[in-house]
Structure formats: C-alpha cells, structure tokens
Amino acid sequence: MTLRIPPIQCLTTFEALARLRSVGLAAEELCVTASAISHRVRQLEQILGTKLFGRADFSLTTEGSEYLAHVREGLAVLSRFPSRMAAAGRRKLRVAVTPTFARSILIPRLRQFKEAYPEIDLALQVSIPLLDVVAEDADLMVRFGTGRYSDVERVCLADDVVTPMASPAYLRENGPFDAPEDLQRAELLRSPLEPWRSWFAAQGLDWPEPVGGSSFNDVGLLCDAAAQGLGVALVRLKLGAPWLDNGTLERISPVDAPSPHAHYLCWRTGAMDRWECAAFAEWLQKSLS
C-alpha cells in the first residue's frame with residue numbers, strides 16, 4: 001500500500017491555524033489567501049480521514065490535538081533541513097487541455113489555483129480529442145465533445161451557446177446581417193469543432209453544412225481569422241469572450257443556439273484517489289460554476 005504523505009503546505013497551515021485560531025491571521029502569516037487556508041485544511045482532513053477542527057472557533061478535536069503534537073515535532077525536524085522540507089510535499093499534475101479552453105478559460109484562472117495549491121506543479125499539454133490529437137500520460141483531460149466516452153470517467157465542466165461573429169471591419173464592408181437569411185451573402189468560416197448546421201436548424205433554416213471556404217481545426221485560430229476580417233465564424237460565447245471583450249469580434253445577431261458539444265473533465269478509474277487530481281477537479285468545477 002502506498003503511503004500518502006500530506007503536503008508540507010497543509011501541515012504548516014494546520015499548525016498555524018491551530019496556533020492562531022484565525023483564518024485571516026494564518027493567511028497573513030503564510031502570505032496566502034483565506035481560501036487557500038480552507039482548501040489546505042480540507043485536503044489534510046481528506047488525506048487523514050478525520051476532522052481536525054471541531055467548531056467555528058477552530059478548537060481542535062481529540063484527533064486534531066494528537067496530530068498537532070506530531071506535526072510540530074515533524075516540522076521542528078524538517079526546519080533543520082530546509083531544502084528537503086521545500087520538496088517534501090510537491091506533487092506534479094499533468095492536465096491535457098483543448099487549446100482555446102486553455103487560453104480563454106483556464107489560463108486566466110490559473111493564478112487562483114496556484115495561490116490555493118502552491119504545492120502542485122501543473123503541467124499543461126495540448127489535446128484535441130475530437131480530432132484524435134491526444135496528449136499521452138495525462139492525469140486529467142479536458143475534452144470537447146458529446147460526453148459519450150466509454151474509456152474514462154467524466155464530469156461536465158461547461159456547456160455553451162453558439163452565435164455568428166465577425167470583425168467590425170467585415171460588418172462595415174459586408175453587413176448588415178439583420179436576419180439569419182442574410183448570411184447567404186457572407187463568407188462562412190468553417191470548423192469541424194463547431195458545425196454550422198446546429199445554428200441553421202435553430203433558426204429554422206434547412207441549409208446544408210458549408211463545404212467551401214476556409215476551415216480551421218482550432219477555435220482560437222477560427223476566432224483570429226474572423227478578427228482579421230476573413231469572414232463570419234460560428235463561435236461559442238464563453239470561448240469567444242476574449243475577442244468580444246477586446247472588440248476584435250462582434251456578434252452579428254442576437255440569436256444564438258445551444259452547442260451540441262460541451263467541455264468535460266475526464267480521468268481514468270482511480271485517478272481521483274490522488275488528492276492533487278481531486279483538488280484540481282473540485283477547484284475547476286467551482287471556478288466555472
């Protein structure tokens with residue numbers, strides 16, 4: 001049986017909170033957020049399988065008092081070997097992520113994760129499972145698709161709606177597109193990741209999937225192409241938010257449609273027994289809720 005040693009950050013947080021009996025004071029002493037204090041204590045209790053604090057005033061349970069004595073003894077020993085102590089609790093977590101999800105959604109939130117879990121060294125790898133571009137040996141995977149995966153366990157992270165977008169310059173030169181039918185005279189940019197037929201059907205248009213014109217197998221490239229005035233792209237609102245926010249893309253219609261696909265966090269059986277996997281999964285779901 002593999003021995004699960006709690007991360008050193010969890011132990012120092014437990015000791016500080018038991019001594020100061022204040023999340024705010026412990027956070028100030030350790031130079032982290034109050035949320036990080038709570039996360040670390042919860043991790044430690046999960047690893048140990050017991051409650052350490054009994055009440056809101058942070059009084060210790062019987063098990064907590066006994067464990068505190070061992071923790072203080074251990075920290076005293078480790079303090080004489082700072083280089084070993086720094087490395088003792090580190091964990092590496094490999095996450096395979098779809099490119100635009102990483103750029104638009106995950107990267108802007110990563111600072112929060114690092115503040116809450118500084119003991120986790122995160123390695124991001126690019127993966128596009130819908131096109132069979134899969135990162136090898138990842139602990140967790142963000143997949144974009146229908147969610148019908150037989151080889152992994154999964155949880156839905158985010159669904160979305162799709163809507164046509166174009167650059168302001170393209171709209172000035174080729175618009176307006178006041179009705180869905182007006183798109184017949186537009187250059188429709190294509191992607192196998194987001195077929196136009198879902199939006200056509202939602203608007204009651206019996207149009208076939210476009211077969212001509214430029215095609216992109218990455219949503220970020222699709223948005224960049226539309227931002228350069230190459231045509232109209234069908235984009236998910238959440239993934240397209242950075243381009244909408246900086247004004248390089250605009251919605252051409254108030255009408256949107258549910259995407260037939262969503263982002264899922266996936267893992268192989270047994271992965272969630274590792275606390276770093278469970279911690280990342282919990283954090284990511286909460287940050288997207």
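A pairwise comparison of heavy atoms in Ala18 and Arg21 identifies O-CG, 3.6 Å as the closest pair. The two residues Leu93 and Glu276 come nearest to each other via the heavy atoms CD2-O, 3.8 Å. When all heavy atoms are compared, the tightest approach of Pro195 to His261 is CD-CE1, 4.3 Å. Between Pro99 and Val126 the shortest heavy-atom distance is CG-CG1, 3.6 Å. Residues Arg154 and Cys266 come closest through the heavy atom pair CB-SG, 4.0 Å. Scanning both residues, Ala158 and Lys238, for their nearest heavy atoms gives CB-NZ, 4.1 Å.
Here CD1 of Ile47 is found 12.5 Å from CZ of Arg274. Values are rounded to the nearest 0.5 Å. The CG atom of Leu52 sits 5.5 Å away from atom OG1 of Thr61, with the distance rounded to the nearest 0.5 Å. Separation of atoms CG (Leu288) and SG (Cys156) is listed at 10.0 Å; rounding is to 0.5 Å. Here the NE2 atom belonging to His263 is positioned 5.0 Å from the CG atom belonging to Leu239, to the nearest 0.5 angstrom. Within the model, atoms CZ of Phe280 and CZ of Arg94 stand 14.0 Å from one another, a figure rounded to the nearest 0.5 Å. Note that CH2 of Trp283 and CG of Leu110 are 5.5 Å apart. Values are rounded to the nearest 0.5 Å.
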Discussion item. Walk me through whether His70 and Leu11 qualify under side-chain contact (heavy atoms from CB on, under 4.5 Å).
Written reply: CA-CA 10 Å; His70 294 298; Leu11 300 178; over 6 Å; no
Worksheet entry | Residue pair Arg91, Asp121: steps toward the side-chain contact (heavy atoms from CB on, under 4.5 Å) verdict | CA-CA 6 Å; Arg91 295 289 189 275; Asp121 291 328; over 6 Å; no
Practice prompt. Check the pair Leu106 / Val142 against side-chain contact (heavy atoms from CB on, under 4.5 Å), numbers first and verdict last.
Written response: CA-CA 10 Å; Leu106 183 57; Val142 175; 5.9 Å; no
Discussion item. The test is side-chain contact (heavy atoms from CB on, under 4.5 Å); show your working for Leu157 and Gln285 and say whether it passes.
Written reply: CA-CA 6 Å; Leu157 289 175; Gln285 290 179 79; 4.0 Å; yes
Discussion item. The test is side-chain hydrogen bond (donor to acceptor under 3.5 Å, both in side chains); show your working for Ser215 and Arg190 and say whether it passes.
Written reply: CA-CA 4 Å; Ser215 179; Arg190 299 177 296 123; 4.5 Å; no
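Within the 3.5 Å criterion, the main-chain N or O of Cys277 finds no donor-acceptor partner in the side chain of Trp267. Looking at Tyr264, its side chain does come within 3.5 Å of a backbone N or O of Thr146 through a donor-acceptor pair. At least one donor-acceptor pair closer than 3.5 Å links the side chain of Glu209 to the backbone N or O of Arg197. Without hydrogens or angle criteria, Lys114 side chain to Ile120 main chain gives a donor-acceptor distance under 3.5 Å. Within the 3.5 Å criterion, the main-chain N or O of Leu284 finds a donor-acceptor partner in the side chain of Ser287. The closest donor-acceptor contact from the side chain of Glu194 to the backbone of Arg236 lies at 3.5 Å or more, if one exists at all.
Using a cutoff of 4.0 Å between basic side-chain nitrogens and carboxylate oxygens, Glu15 and Arg72 are scored as salt-bridged. The pair Arg19-Glu29 meets the salt-bridge criterion, since a charged nitrogen lies less than 4.0 angstrom from a carboxylate oxygen.
Under a hydrophobic clustering in which Ile, Leu, Val, Met, Phe, Trp and Tyr are joined whenever their side-chain heavy atoms come within less than 4.5 Å, directly or via other members, Ile107 and Ile105 fall into the same cluster.
Sequence neighbours left out, the pairs with a member in residues 158-185 that pass side chain to side chain donor-acceptor pair (under 3.5 Å) are Thr163-Arg251.
The aromatic rings of His39 and Tyr117 are tilted relative to each other, their planes meeting at an angle between 30° and 60°. Ring geometry for Phe58 versus Phe53: interplanar angle over 60°, hence perpendicular rather than tilted (30 to 60°).
With 3.5 Å as the limit, one finds no donor-acceptor pair spanning the side chains of Trp199 and Asp256.
Both tests hold for Arg143 against Tyr149: distance to the six-membered ring centre under 6.0 Å, angle to the ring axis within 45°.
Residues Trp207 and Trp196 have side chains not in contact (no heavy-atom distance under 4.5 Å, counting atoms from C-beta outward).
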